[in-house]
Undergrad: 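Encoded as structure tokens, here's the structure I'll be asking about.
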Amino acid sequence: MFYHQLIKPILFHLDPESAHHLVATFLSLSKKIPFFHKTLSAIFQFSSKRLEQTIQGILFPNPVGLAAGFDKTTELFPTMIHMGFGFIEIGTITAKAQPGNEKPRLFRYPKVKALINRMGFNNPGADQAEIQLKNQQKLGVRGINAGKSKVTALEDAVGDYVYTLKKLVPFGDYAVINISSPNTPGLRSLQTKQSLIDLIQGIQKEFQNSFPIPLYLKFAPDLTEEELIENLKVCLEYKISGVILTNTTLDKQSLGELNPEEGGLSGGPLFQKSLRFVSLAYQTLQGKIPIIGVGGIDSGEKALQMMEMGANLIQIYTGYIYEGPFLPYQICSYLDKVVKDRGYQTISELVGSGNSK
């Protein structure tokens, strides 16, 4: 209630990017306050052994992660990891520093709890991110999300991704190849079958076919179901560690007469499409590699649906903006109760339990 009645009105009075910058500045400065992180953990962390999962050797204390896009500079991780999340995905980071697209580039649609962004991978670049991470204490699970620099030609994408990965992988528990943002020209063409194979093989070759940490691919919701299944089979064939479903969508029909801006739509309108893709992925992958479900999750009920359809883990972002900082706690407490009421031992027993093949 405190967030919705006091903090949210102030933040929503500002334009979205200014509000984010204000919050980010506060969080970055607050780490200098004695015992601040311990206080955050005491307030926001929901702890239960039932929520723990070990996936590919990584212990996740709970299944709720913060999606890439919130911590674009890598500076917020030390604080955000204390705010109830089981893991934080930093980035997207590109090989070259870039300012992103012209402002305004982030827009709210409160009636449907949605955002549209055309940020364009604004970030400090891999070199600066490496410096930041070297000087940062790592107290929880950290994902590294890598994207292609805007100025890098598609035919040089492998080298661009590899540069970022080699710089930042030593500081991550898992890595993500982002080929699905709609805001970098041509990027989504890397999701076509042959381009995807060439990209995977190129990256694997640079790492002597032994990537040091689990490597995930993040796909767009605007693929056809046939294209998604084809790409998932590529992931299996070329031993990709897991998939993230989904990125933002270019389909804005759900906004009706709300006069949508250009860019990728996230939040409430994306949920059903993401849920469908997670379900298809679960049926296709058959538990061989894990799935991270993201898109429109803003409650414990939606988190449960996503996991029942096959997501091993979930991520939130837009829902976090609208529902506030207690959302991870609320989701975790809801899921824990469901696990307990169903007589399960761990949350992993929920995964795929509602997916009819």
Undergrad: Check this for me: does any side-chain nitrogen of one of Lys103 and Asp15 sit under 4.0 Å from a carboxylate oxygen of the other?
TA: no
Undergrad: Which of parallel (below 30°), tilted (30 to 60°) and perpendicular (above 60°) describes Tyr329 and Phe46?
TA: perpendicular
Undergrad: Less than 6.0 angstrom from the centroid, inside 45 degrees of the normal: does Lys8 satisfy that with respect to the ring of Phe12?
TA: yes
Undergrad: Can you name the one residue among Glu102, Glu17, Glu261, Glu262 that meets salt bridge (charged side-chain N to carboxylate O under 4.0 Å, His left out) with Arg118?
TA: Glu261
Undergrad: Answer yes or no: does atom NZ of Lys233 have more than 12 heavy-atom neighbours from other residues, nucleotides or ligands under 6.0 Å?
TA: no
Undergrad: Between His82 and Phe36, is the ring centroid distance below 6.0 Å?
TA: no
Undergrad: Please determine whether the number of non-hydrogen atoms from other residues, nucleotides or ligands lying under 6.0 Å from atom CD of Gln201 exceeds 12.
TA: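 Result for CD/Gln201: enclosed.
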Undergrad: For the pair Glu130 (side chain) and Lys166 (backbone), establish whether a donor and an acceptor sit closer than 3.5 Å, ignoring hydrogens and angles.
TA: no
Undergrad: Hey, are the side chains of Phe44 and Pro325 touching, using non-hydrogen atoms and a 4.5 Å cut-off?
TA: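 SC-SC contact between Phe44 and Pro325 confirmed.
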Undergrad: By salt bridge (Lys or Arg N to Asp or Glu O under 4.0 Å), which residues pair with Lys252, not counting sequence neighbours?
TA: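 Scan of Lys252 (salt bridge (Lys or Arg N to Asp or Glu O under 4.0 Å), adjacent residues dropped) gives none.
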Undergrad: Does NZ or CZ of Lys302 lie under 6.0 Å from the centre of the six-membered ring of Phe271, at an angle within 45° of the ring axis?
TA: yes
Undergrad: Establish, for the pair Arg142 and Phe77, whether the NZ or CZ atom is under 6.0 angstrom from the six-membered ring centre and no further than 45 degrees off its axis.
TA: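 Here Arg142 passes the 6.0 Å and 45° test against Phe77.
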Undergrad: If hydrophobic residues (ILVMFWY) are linked whenever their side-chain heavy atoms come closer than 4.5 Å, directly or via other members, who joins Tyr216 in its cluster?
TA: Ile55, Ile58, Phe60, Phe87, Val141, Tyr174, Val176, Ile244, Ile292, Val294, Leu313
